[in-house]
There are 2 protein chains.
Amino acid sequence: MQEQPRRQSRIQKRNREVILTAALREFSAGGFAGTTIDQIAEAAGLSKPNVLYYFQSKEAIHSALLRGLLDLWLGPLRDLQAEGDPREQILAYARRKLEMSRDYPQESRLFANEVLQGADRLQPILGGELRELVEEKSALIAGWIAEGRIAEVDPHHLLFSIWALTQHYADFEVQVRAVLGPDHDPFAEAQIFLDQLYLRLLTPQPRE
Amino acid sequence: MQEQPRRQSRIQKRNREVILTAALREFSAGGFAGTTIDQIAEAAGLSKPNVLYYFQSKEAIHSALLRGLLDLWLGPLRDLQAEGDPREQILAYARRKLEMSRDYPQESRLFANEVLQGADRLQPILGGELRELVEEKSALIAGWIAEGRIAEVDPHHLLFSIWALTQHYADFEVQVRAVLGPDHDPFAEAQIFLDQLYLRLLTPQPRE
DNA sequence: CAAATTATTGACCATTTGGTCAGGATCAGG
DNA sequence: CCTGATCCTGACCAAATGGTCAATAATTTG
């Protein structure tokens, strides 16, 4: 019954990994349609038929990538917990997401490409797993608001704003860099900016 | 010497327009590589050779689109002026950009696709025209900060945040809708959220 | 070390795609 | 209503691309 572990020979494991790494680079830079199996093969240092020996089709590579990256991508949101200072929790989430944009820009762009073009191969997850996760965390945030521990905001859009503001630095990196010029560190500056922003947004204001 | 106006016959004008409209729909939904001339032709109700009669190549269609849309896209930022209440100016800019995301999502996605994939065909504009415009408006904002009329923030990243937060609702619309479910109006909610956000971010806080 | 399994490849194929072209249809202007 | 210019199309082409396959090389295993 345990087929999975037995099946993965050493060489198989390595090559699958190499292919997925190469495919991530290519897909994230060119989108699904804009990437050829030949490109992936070359980037992986393998022949095209050899790539197709490990994955049935281009689609299969893409699917495997998305599936494998989902957990990495949703991890930070899962870590948003009830314990601790609410503001600090949310700030930490934003910070963590920004780090992900800095350290995994290809992953960010892969998802962005996908969603941007209709997310056909992703929709079930968006409306299912992701939606439930967001619902859960939104309830948590709503609780904090009700307790008066953070200022009043729409929890859903608060989460959207964190996604938008952090992923922007990965997805639109070339634009950000082009506008800022070479003498800036976008991510370092963004960290400060986002801290400021969410602090001001979330700190309850006893306006008399 | 006046070739441009003389050259555009009525039929030419109409068909060029039809093609660009169809191309916008297709490119924004599938990216450059993911769109075929046949698709554009069909969407335009013309034959493929006929499309290529009006535009030299697929590239040419794409370029014409980008060039034609740039002004629309940068218009709101150009309107950011020194006169009036600074906070209101910035809020109005954010609102205007959000309306653009709602009313011109295809245009937003076209640019997003482009930037996301390296912006090869756009880089000169990003580092040139856009950069200068941003520099100018950043200086304006910096002035407001120096006068104490809005709270201290990095002007560049303030602008980035407006782009990110507003375009997110167009570029990631399927995700936003999937997460929110059918009983929400993302744009109406976003408007309220963004107003709140920028009001709190920009209102000077005389913390004693 | 031999058999069996796994890995790899060159050659090949069908389809798609960007683009061309010669000729026919249509239209504007005299 | 004729003529030249503009508009349009079917047929076609070369290149690129996703994918197959038979044959060979490398590796594992008994």
Distance-only side-chain donor-acceptor flag, B/H156 / B/E135, under 3.5 Å: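 Distance-only check passes for B/H156 and B/E135.
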Using a cut-off of strictly less than 4.0 Å, decide whether [X] has a side-chain nitrogen or oxygen near OP1 or OP2 of [N].
{"X": "B/N50", "N": "D/dT9", "answer": "yes"}
{"X": "B/S47", "N": "D/dT9", "answer": "yes"}
{"X": "B/Y54", "N": "D/dC8", "answer": "yes"}
{"X": "B/Y53", "N": "D/dC7", "answer": "yes"}
{"X": "B/N15", "N": "D/dC8", "answer": "yes"}

Any base atoms under 4.0 Å from B/F55, or only sugar-phosphate, or nothing? Heavy atoms, all strands.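 The residue B/F55 makes no contact with any strand.
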Sidechain N-carboxylate O distance under 4.0 Å for A/R96, A/E99: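 Salt bridge flag = yes for A/E99 with A/R96.
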Which nucleotide in D/dT6, C/dT8, D/dT9 has an atom nearest any side-chain atom of B/Q12: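 Selected nucleotide: D/dT6.
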Please list all pairs passing the salt bridge (charged side-chain N to carboxylate O under 4.0 Å, His left out) test where one or both residues lie in residues 153-168 of chain A, with sequence neighbours left out.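 Applying salt bridge (charged side-chain N to carboxylate O under 4.0 Å, His left out) to every pair that reaches into residues 153-168 of chain A, excluding sequence neighbours, yields nothing.
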Side chains of residues 59-69 of chain B: which donor-acceptor pairs under 3.5 Å do they make with residues two or more places apart or in other chains?
{"from": "B/E59", "atom 1": "OE2", "to": "B/R121", "atom 2": "NH1", "distance (Å)": "2.4"}
{"from": "B/S63", "atom 1": "OG", "to": "B/E59", "atom 2": "O", "distance (Å)": "3.1"}

Less than 3.5 Å apart, which donor and acceptor atoms pair up between the side chains of residues 23-34 of chain A and the rest of the protein, not counting sequence neighbours?
{"from": "A/S28", "atom 1": "OG", "to": "A/L24", "atom 2": "O", "distance (Å)": "2.9"}
{"from": "A/S28", "atom 1": "OG", "to": "A/R25", "atom 2": "O", "distance (Å)": "3.1"}

Rounding to a whole Å, what distance do you find between [X]:[atom1] and [N]:[atom2]?
{"X": "A/E42", "N": "C/dT8", "atom1": "CD", "atom2": "P", "result": "17 Å"}
{"X": "B/R16", "N": "D/dT6", "atom1": "CZ", "atom2": "P", "result": "13 Å"}
{"X": "A/K13", "N": "C/dA7", "atom1": "NZ", "atom2": "P", "result": "14 Å"}

Not counting sequence neighbours, list each pair that qualifies as a side-chain hydrogen bond (donor to acceptor under 3.5 Å, both in side chains) and has a residue in residues 159-175 of chain A.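 side-chain hydrogen bond (donor to acceptor under 3.5 Å, both in side chains) check on residues 159-175 of chain A returns A/Y93-A/W163, A/S108-A/D171, A/R109-A/E173, A/S161-A/Y198, A/Y169-B/H157, A/E173-A/R177.
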Please tabulate, one pair per line, all N/O donor-acceptor pairs under 3.5 Å involving side-chain atoms of residues 74-92 of chain B, not counting sequence neighbours.
{"from": "B/R78", "atom 1": "NH2", "to": "B/E129", "atom 2": "OE2", "distance (Å)": "2.8"}
{"from": "B/D85", "atom 1": "OD2", "to": "B/E88", "atom 2": "N", "distance (Å)": "3.2"}
{"from": "B/R87", "atom 1": "NH1", "to": "B/T203", "atom 2": "OG1", "distance (Å)": "2.7"}
{"from": "B/E88", "atom 1": "OE2", "to": "B/R95", "atom 2": "NH1", "distance (Å)": "3.4"}
{"from": "B/Q89", "atom 1": "OE1", "to": "B/Q81", "atom 2": "N", "distance (Å)": "2.9"}
{"from": "B/Q89", "atom 1": "NE2", "to": "B/E83", "atom 2": "O", "distance (Å)": "3.3"}

With sequence neighbours excluded, residues passing ring-ring contact (aromatic ring centres under 6.0 Å, His included) with B/W144: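 Not a single residue meets the ring-ring contact (aromatic ring centres under 6.0 Å, His included) criterion with B/W144.
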Please identify each residue that fulfils side chain to side chain donor-acceptor pair (under 3.5 Å) with A/Y104, with sequence neighbours left out.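 Expected list: none.
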Provide a list of protein-nucleic acid N or O atom pairs under 3.5 angstrom, restricted to nucleotides 26-28 of chain C.
{"from": "C/dA28", "atom 1": "OP1", "to": "B/R10", "atom 2": "NH2", "distance (Å)": "3.3"}

Collect all protein-nucleotide pairs involving nucleotides 17-19 of chain C in which both atoms are nitrogen or oxygen and the distance is under 3.5 Å.
{"from": "C/dG18", "atom 1": "OP1", "to": "B/T35", "atom 2": "O", "distance (Å)": "3.4"}
{"from": "C/dG18", "atom 1": "OP1", "to": "B/K58", "atom 2": "NZ", "distance (Å)": "2.9"}
{"from": "C/dG18", "atom 1": "OP2", "to": "B/I37", "atom 2": "N", "distance (Å)": "3.0"}
{"from": "C/dG18", "atom 1": "N7", "to": "B/K48", "atom 2": "NZ", "distance (Å)": "2.9"}
{"from": "C/dG19", "atom 1": "OP2", "to": "B/K58", "atom 2": "N", "distance (Å)": "2.9"}
{"from": "C/dG19", "atom 1": "N7", "to": "B/K48", "atom 2": "NZ", "distance (Å)": "3.4"}
{"from": "C/dG19", "atom 1": "O6", "to": "B/K48", "atom 2": "NZ", "distance (Å)": "3.3"}

